[in-house]
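Structure record follows, encoded as structure tokens.
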Amino acid sequence: MKTSVVGYPRVGALRELKFATEKYFKGDLSKEELQATASKLKETHWKAQDKNKIDFISSNDFSFYDNLLDTAVLLNAVPKCYKQLQLDPLDEYFAMARGYQGKNGDVKALAMKKWFNTNYHYMVPEIEDDTKISLVGTKPFEEYLHAYNLGIATKPVLIGAFTLLKLSRFTGKKTAQDFVSDIIQGYLDIIKKFTELGVQWIQFDEPALVLDLTEEDIVLFAKIYSGILSNRGSIKVLLQTYFGDIRNCYQEAVALPFDGIGLDFVEGKKTLELLENFGFPEDKTLFAGLVNGKNIWRNNYTKTLSLMVELRKYCKNIVLNTSCSLLHVPYTLGNENSLAEEYKRHFAFAEEKLEELSELRRIIASDNPATTAEFIKNKRLFNGLRNCKNLAVRAKVAALAQDDFVRHPAFAERERIQKTELDLPILPTTTIGSFPQTAEVKLNRSNYKNGKISFEQYTEINKSKIAECVSLQEKIGLDVLVHGEFERNDMVEYFGENLDGYIFTERAWVQSYGTRCVKPPVIWGDISRAKPITVDYSVYAKSLTSKHMKGMLTGPATILNWSFPREDISLKECAFQIALAIRAEVLELEANGIKVIQIDEAALREKLPLRKSDWRSEYLDWAIPAFRLVHSGVKPKTQIHTHMCYSEFSDIIKEIDDMDADVITFEASRSDLTIIDTLKESGFKTAVGPGVYDIHSPRIPSVSEIKEALFKMLGEIKKEKLWVNPDCGLKTRGNAETIPSLENMVAATREVRRSL
Ligand code: GLN
Ligand code: ZN
């Protein structure tokens with residue numbers, strides 16, 4: 001049995017790529033030095049796979065920012081506004097990823113979106129009517145040769161043409177159809193080049209095939225690959241799918257002359273059924289995604305082997321594969337020095353998953369798999385007890401009744417009460433919560449973590465930061481203030497650290513976008529709140545100002561979605577446990593005089609099942625009630641805000657309104673404000689703060705630009721329902737751009753207020 005890896009993390013075990021790239025952005029590192037760091041990382045990653053005797057090791061899974069952006073750039077899908085900057089290729093690439101403001105011009109970044117149901121984000125390629133799709137880049141070839149020269153013959157990986165076209169934005173009149181023949185030619189040119197280099201297998205990633213496909217999509221998919229495959233020559237092509245099953249196009253996919261098909265048996269609910277119903281062609285190889293590329297629990301070998309027995313009924317040629325790229329799990333357990341062995345033995349990060357692949361290969365190859373030491377050890381692990389139950393929490397969840405999920409009185413009545421209670425100006429200005437995490441702020445946290453300063457010293461410094469932040473906001477003239485979140489490394493990890501049932505890693509970073517990585521905490525057992533979490537800092541911040549201070553919490557769906565979840569209880573049960581814990585915090589903030597409380601659901605949408613038919617039953621039916629459970633106990637005069645990091649919720653707009661928050665802020669600046677029409681059409685009751693500028697880019701928005709956005713919003717949203725805010729938290733930004741941006745935001749709001 002051979003083994004394969006869909007893709008490997010690229011940021012480095014210690015986030016080397018992140019730090020090098022950020023230095024490069026600041027001008028503290030040369031292009032050559034950045035390239036050297038990248039080279040070293042690629043080598044390390046190939047060698048780690050080679051050491052574990054992985055047969056199909058990927059190349060071109062490396063990226064300086066995002067693989068979809070790489071593919072677009074490789075095929076010349078670069079909008080004119082970036083070409084006009086006349087930058088060298090790497091800087092042009094970064095301009096697309098992060099925007100550019102400098103001596104060559106001023107251009108916004110491409111839009112960024114969540115990559116399917118993960119917390120990774122891709123850049124949305126833009127294809128203009130006069131874009132000429134054709135092979136112009138060399139990155140995949142260079143990477144292949146690089147590995148080859150180390151003695152490692154890789155399988156190059158590219159995002160496939162179908163997914164590329166499905167995820168791109170067509171800015172003119174043309175549609176995907178108009179680019180099909182050019183794109184086929186582009187991929188054929190890639191194949192030709194790889195064939196010349198002696199490549200055996202090439203992998204095209206087509207995750208878009210696991211979505212609900214229309215007839216038209218299926219025709220497009222078949223057309224693209226008939227075109228590519230009929231002229232591909234001798235190279236072997238692997239169609240790699242992941243994040244679900246390909247029920248809408250399975251028959252078409254197996255009928256096309258692919259040499260291998262990669263299917264996901266972890267998230268693909270119907271994958272096995274597809275094989276049972278339609279078989280699998282003898283002349284193709286099944287790349288069976290059995291090792292979970294997204295979660296960090298060890299593979300259950302008993303289950304994997306019995307699935308393998310099933311698969312053998314349908315397929316002759318099977319390669320053992322990861323379910324998706326390992327990009328979505330942390331790099332190695334090897335750097336986790338504080339985590340007790342009792343926990344660690346249950347986990348496998350990317351490196352350990354390589355070991356799992358090679359263990360499974362050896363077990364399967366043995367005459368009597370069940371008697372191998374590796375198999376027995378694994379079986380013991382799964383049969384043993386984990387200490388993770390909290391009976392009191394289980395009982396509380398079991399006792400929840402209908403009314404626990406309903407806030408009284410109804411929205412309109414609360415709106416009236418809050419108007420008097422809060423006495424805010426029209427178009428109130430606020431921010432989403434965090435302020436720039438300066439070097440000083442991060443140092444304070446790390447000093448405390450490393451035991452260099454006491455809890456008292458740590459808290460003092462945080463308080464002084466809060467005081468600075470409050471006075472800055474007063475000076476800028478914001479209406480509803482925040483404390484700045486200096487004590488938080490991450491909006492989910494912070495809560496995890498303060499809830500029982502969580503465990504923590506030190507270096508288990510996962511890339512979120514570009515140079516941003518997150519360190520999801522791990523849900524080990526039943527969740528409960530041991531003590532107040534945010535109350536002290538919020539109350540302190542409030543004591544410094546006569547303005548309203550927003551309490552700042554993270555909601556249950558987001559805490560759950562940005563953690564590594566358990567696999568032994570349902571997500572619903574876990575979400576309700578978290579909701580009860582956060583509910584206690586909400587009530588304590590309220591009892592301490594905090595009148596505005598924001599409960600972020602930044603990640604609510606991202607775990608929406610990829611197929612519409614699963615939306616309610618598998619997700620919304622518990623995620624929305626969980627949010628309601630968090631705030632249903634507050635008084636009518638307490639204003640509940642929520643925040644979401646995206647604006648594509650047209651299709652769940654009713655559910656978002658049903659969360660029954662009083663105000664929702666969300667991202668809108670990167671996505672041409674179309675959501676606003678939808679809000680109006682749907683009769684959205686919740687007050688809204690569509691972000692007036694993009695915080696993911698260092699660009700400073702001008703007053704006139706913000707005014708324009710506000711007037712556009714006022715065209716569709718009643719002035720009584722509109723809030724003014726940036727589109728997300730400011731923690732990733734510096735003060736240099738944050739302060740002028742907020743000043744411009746307040747100035748623009750004042751001008752607009754005067755004109756109303
Ligand atoms: N309150 C959080 C912050 O401002 C929200 C972050 C987010 O939406 N991702 O940082
Ligand atoms: Zn956000």
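First listed ligand is number 1; within each ligand, the first listed atom is number 1.
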Please determine whether a side-chain nitrogen of the Lys or Arg among [X] and [Y] lies less than 4.0 Å from a carboxylate oxygen of the Asp or Glu.
X    : Y    : value
K419 : E415 : no
K449 : E497 : yes
K531 : E588 : no

Would you please classify the geometry between the [Y] ring and the [X] ring as parallel, tilted or perpendicular, with 30° and 60° separating the classes?
X    : Y    : result
F576 : F405 : tilted
Y458 : F455 : tilted
H328 : Y120 : perpendicular

For atom 6 (C) of ligand 1, find the nearest protein heavy atom and state the residue, atom name and distance (0.1 Å precision). M491 SD, 3.3 Å
Of the protein's non-hydrogen atoms, which lies at the shortest distance from atom 5 (C) of ligand 1, and what is that distance? D600 OD2, 3.4 Å
Salt bridge (charged side-chain N to carboxylate O under 4.0 Å, His left out) partner of R407, chosen from D662, D660, D658: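 Exactly one pass, corresponding to D662.
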Any atoms of ligand 1 less than 4.0 Å from a non-hydrogen atom of [X]? List them with their elements.
X    : answer
G729 : 3 (C), 4 (O), 10 (O)
S434 : 3 (C), 4 (O), 10 (O)
G433 : 4 (O)
C645 : 7 (C), 8 (O), 9 (N)
C728 : 7 (C), 8 (O), 9 (N)

Within the structure, does W562 bring an N/O atom to less than 3.5 angstrom of an N/O atom in ligand 1?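 Min N/O separation from ligand 1 is not below 3.5 Å for W562.
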Applying a 4.0 Å heavy-atom criterion (strictly less than), which segment of R488 is in contact with ligand 1: side chain, backbone, both, or neither? neither
How does M644 reach ligand 1, by side chain, by backbone, by both or by neither, if only non-hydrogen atoms under 4.0 Å count? neither
Does the structure place the NZ or CZ of R507 under 6.0 Å from the centre of the six-membered ring of Y331, at an angle of no more than 45° from the ring's axis?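 No; the conditions do not both hold, so R507 does not lie above the ring face of Y331.
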Show all protein N/O/S atoms under 2.8 Å from the Zn ion (ligand 2), or state that there are none.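 H643 NE2, C645 SG, C728 SG, with waters left out.
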Of all heavy-atom pairs between Q418 and T638, which one has the smallest distance, and what is that distance? NE2-O, 3.2 Å
Set of salt bridge (Lys or Arg N to Asp or Glu O under 4.0 Å) partners for E487, sequence neighbours left out: none
Apply the side chain to side chain donor-acceptor pair (under 3.5 Å) test between Q437 and each candidate in R445, R488, K442; give the one that qualifies.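 It is R445, the one option of R445, R488, K442 that forms the side chain to side chain donor-acceptor pair (under 3.5 Å) with Q437.
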